[in-house]
Asks: 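One structure, as structure tokens, below. Some questions next.
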Amino acid sequence: MATRQPCHAPGTLGKRFAVVDPATGEPFEEAPDEQPDALDAAVDRAREAWRGWRADRGARATALLAAADAVEAAGVDLAPLLTREQGKPLAESYAEIARTAARLRCFAELDPGSQLLTDGRPVRSEIRWRPIGPVAAIVPWNFPLQLASAKFAPALAAGNTVVLKPSPFTPLATRLLVSVVSTALPEDVLTIVTGHEPLGACLAAHPGIRHVTFTGSIPTGRAVAQRAAASLGRVTLELGGNDAAILLEDVDVERIADRLFWAAFRNCGQVCMAVKRVYAPARLYSDVVEALAQRAKTAVVGAGLDPGTQLGPVNNAPQLARVERYTAQALAAGARAVAGGHRLERPGYFYAPTILADVPPGSPVVTEEQFGPVLPVLPYRSLDEAVEAANGTGFGLGGSVWGTDLDRAEAVADRLECGTAWINHHAELSLAQPFAGIKESGVGVAGGLWGLYGNLRPFVVHRPEEA
């Protein structure tokens, strides 16, 4: 077994930390601030639980289906708590809970099966699939329940146990989710630890963890991979995106404007695969900017628990500062805020939905992932120029092409350097499909059978045809 990397941060027993409501900017609850010295016990319990959990696929499927039912039944408690700590509108919280339950059902029904290989020899070679052991799932704050289930559902279905570590910005609903799901599972099959760093780093480095699955920033993803390398643990990293939307000359601007706007601004723009930059043909540039600006100006911004809210606050103060900084840099370089461009004068972390025009192409708001309610729109003169610009960053998560001629749009989409390309929509995923980024947007695959295989290892049995 690998030597542990040092994680010396002993804590005070019973220590807790405040959880802030982003709609007010004030703490409203506390969560346990667990320290790295508590990880040994959590991982040991997960490994002990793995002995029984891995043995019976049918029992696992039954338990995951029961867990899905329990999640749906708990929606009335989960959704308001999720909105309170994350900020999203209540309807989106309910949608996240529904997706969480659907994912549990999806993976309960998937079976990796086995495969016979023949090569002309009198030997029967069979590939079987085995679970790999305790999995560490490290989850961000933008979709805490959905992304937690995207990690623990395939891991549990494969026969692994999971130690889950949510963001300290959104620990409460995730703790409740684990409590609900665990009512259908044997003890210690799914456990949760909450706290600040270095808790996540130490979990990734723990020698008892065999697979680390992480969603978050590129720098943190690199650090997670380095930590996991100490024990040669498997890693799956989803590291965000800077998705481009290319509008073609034949696009019907008014017809697609609503879809395009919400593909960029859903969850206040805090979506890894949201549209984060738009490339419009020069002839239609003004029309595109105006259509998007009109929607930004009329979108209802407010607390997620208010029934009429369409856009909630940015989740946390550091992220709000990032959005403000990127926007200010663009404006200082000559960009125009056709809508928004400023923080709203009210308590909480609210930022006006912002459409930026005349943005210098090298601005950080274009080249980096702003992850907030800000969208730069850039003109192009030739399609080759637009494709080159779309592909011209280190990101490669998703992209989209918008136009009337679907064959032509698909041909352009095929030129995008990303893991998923959409035509006339964006960021819509089936639970059955693979989800993966290229370049700096990730390592490994999630979703469907590919996500299940990512939590298994092949085991080959060779048997002669005759004794």
Side-chain angles (χ1 to χ4, degrees), residues 31-32 34 38-75 77-78 97 100-113 128-139 144-166 171-194 199 203 206-213 233-234 236 431 446 451-457 459:
E34 295 170 275
L39 291 177
D40 283 344
V43 175
D44 286 347
R45 292 196 306 272
R47 186 163 189 84
E48 186 62 31
W50 180 51
R51 300 178 189 277
W53 179 249
R54 64 187 177 183
D56 189 337
R57 181 189 169 275
R60 294 199 300 270
T62 298
L64 292 180
L65 291 173
D69 292 341
V71 169
E72 285 183 336
D77 298 316
L78 281 166
I97 291 160
T100 297
R103 199 182 301 273
L104 284 163
R105 292 194 177 100
C106 173
F107 281 101
E109 295 169 357
L110 290 181
D111 182 357
R128 304 170 185 173
W129 294 94
R130 289 184 168 179
I132 55 181
V135 172
I138 304 174
V139 181
L145 305 190
Q146 184 172 314
L147 290 174
S149 69
K151 299 180 185 308
F152 69 64
L156 295 177
N160 304 305
T161 52
V162 177
V163 180
L164 173 65
K165 194 268 178 193
L172 300 175
T174 313
R175 289 184 69 88
L176 180 55
L177 174 67
V178 169
S179 176
V180 169
V181 170
S182 293
T183 62
L185 305 177
E187 188 175 9
D188 296 327
V189 165
L190 174 62
T191 58
I192 184 169
V193 292
T194 57
L199 185 65
L203 178 60
H206 198 286
I209 293 295
R210 304 313 310 145
H211 177 200
V212 181
T213 171
R234 185 181 300 184
T236 301
L431 293 175
L452 188 65
Y453 285 127
N455 286 278
L456 295 162
R457 63 178 177 85
F459 174 67

Asks: Any side-chain heavy atom of Val193 sitting closer than 4.5 Å to one from Leu39?
Replies: yes
Asks: Output the distance between atom CG (Leu203) and atom CD1 (Ile138), rounded to the nearest 0.5 Å.
Replies: 5.0 Å
Asks: Judged by modelled atom types alone, do His211 and Asn455 share a side-chain donor-acceptor pair under 3.5 Å?
Replies: yes
Asks: Starting at CG of Leu172, measure out to CG of Leu78 and round the result to the nearest 0.5 Å.
Replies: 11.5 Å
Asks: What is the distance from atom OG1 of Thr194 to atom NZ of Lys165, rounded to the nearest 0.5 Å?
Replies: 8.5 Å
Asks: Looking only at heavy atoms, which two atoms of Pro154 and Ser149 are closest? And how far apart?
Replies: CD-O, 3.6 Å
Asks: Report yes if some heavy atom in the side chain of Val43 is under 4.5 Å from a heavy atom in the side chain of Ile209; otherwise report no.
Replies: yes
Asks: What pair of heavy atoms forms the shortest contact from Val135 to Thr213, and how long is it?
Replies: CG1-CG2, 4.0 Å
Asks: Test side-chain contact (heavy atoms from CB on, under 4.5 Å) on His206 and Val163 and set out the steps.
Replies: CA-CA 11 Å; His206 198 286; Val163 180; over 6 Å; no
Asks: Ignoring hydrogens and geometry, is there a side-chain-to-backbone donor-acceptor pair from Trp53 to Asn160 under 3.5 Å?
Replies: yes
Asks: Which value, rounded to the nearest 0.5 Å, describes the distance between Trp50 atom CH2 and Arg210 atom CZ?
Replies: 9.5 Å
Asks: If you define the side chain from C-beta out and look only at heavy atoms, does anything of Gln146 sit under 4.5 Å from Arg103?
Replies: yes
Asks: Are Trp129 and Phe459, when compared by the centres of their aromatic rings, separated by less than 6.0 Å?
Replies: no
Asks: Which atom pair, heavy atoms only, marks the closest approach of Pro171 to Pro166?
Replies: CA-CG, 4.1 Å
Asks: Answer yes when Asp69 and Arg105 have at least one side-chain N-carboxylate O distance shorter than 4.0 Å, and no when they do not.
Replies: yes
Asks: Looking only at heavy atoms, what is the nearest atom pair of Pro144 and Thr174, with distance?
Replies: CB-OG1, 3.7 Å
Asks: Looking at CG of Asp44 and CZ of Arg47, how far apart are the two atoms once the value is rounded to the nearest 0.5 Å?
Replies: 9.0 Å
Asks: Any side-chain heavy-atom pair from Val162 and Leu156 closer than 4.5 angstrom?
Replies: yes
Asks: Could you tell me whether a side-chain N or O of Arg234 sits under 3.5 Å from a main-chain N or O of Gly454, the two making a donor and an acceptor?
Replies: yes
Asks: Do Ile132 and Leu456 make a side-chain contact, defined as non-hydrogen atoms from C-beta onward lying under 4.5 Å apart?
Replies: no
Asks: Dump the intermediate steps for side-chain contact (heavy atoms from CB on, under 4.5 Å) on Leu104 and Leu65, then the final yes or no.
Replies: CA-CA 7 Å; Leu104 284 163; Leu65 291 173; over 6 Å; no
Asks: Does any part of the side chain of Ser182, heavy atoms only, come nearer than 4.5 Å to the side chain of Glu187, both counted from C-beta?
Replies: no
Asks: Which heavy-atom pair separates Tyr453 from Pro112 by the least distance, and what is that distance?
Replies: OH-O, 3.2 Å
Asks: Taking Thr183 for the side chain and Ser179 for the main chain, is one N or O donor matched with an acceptor at less than 3.5 Å?
Replies: no
Asks: Using a 3.5 Å distance criterion without hydrogens, assess whether the side chain of Arg60 forms a donor-acceptor pair with backbone atoms of Ala157.
Replies: yes
Asks: Can you check whether Asp188 reaches Thr161 side chain to side chain, under 4.5 Å on heavy atoms?
Replies: no
Asks: Under the side-chain contact (heavy atoms from CB on, under 4.5 Å) criterion, do Thr236 and Val212 qualify, and how do the steps go?
Replies: CA-CA 6 Å; Thr236 301; Val212 181; over 6 Å; no
Asks: If you compare all heavy atoms of Ala108 against all heavy atoms of Arg57, which two are closest, and at what distance to 0.1 Å?
Replies: O-NH2, 3.8 Å
Asks: Quick check for you: to the nearest 0.5 Å, what is the distance between Ile192 atom CD1 and Glu34 atom CD?
Replies: 8.5 Å
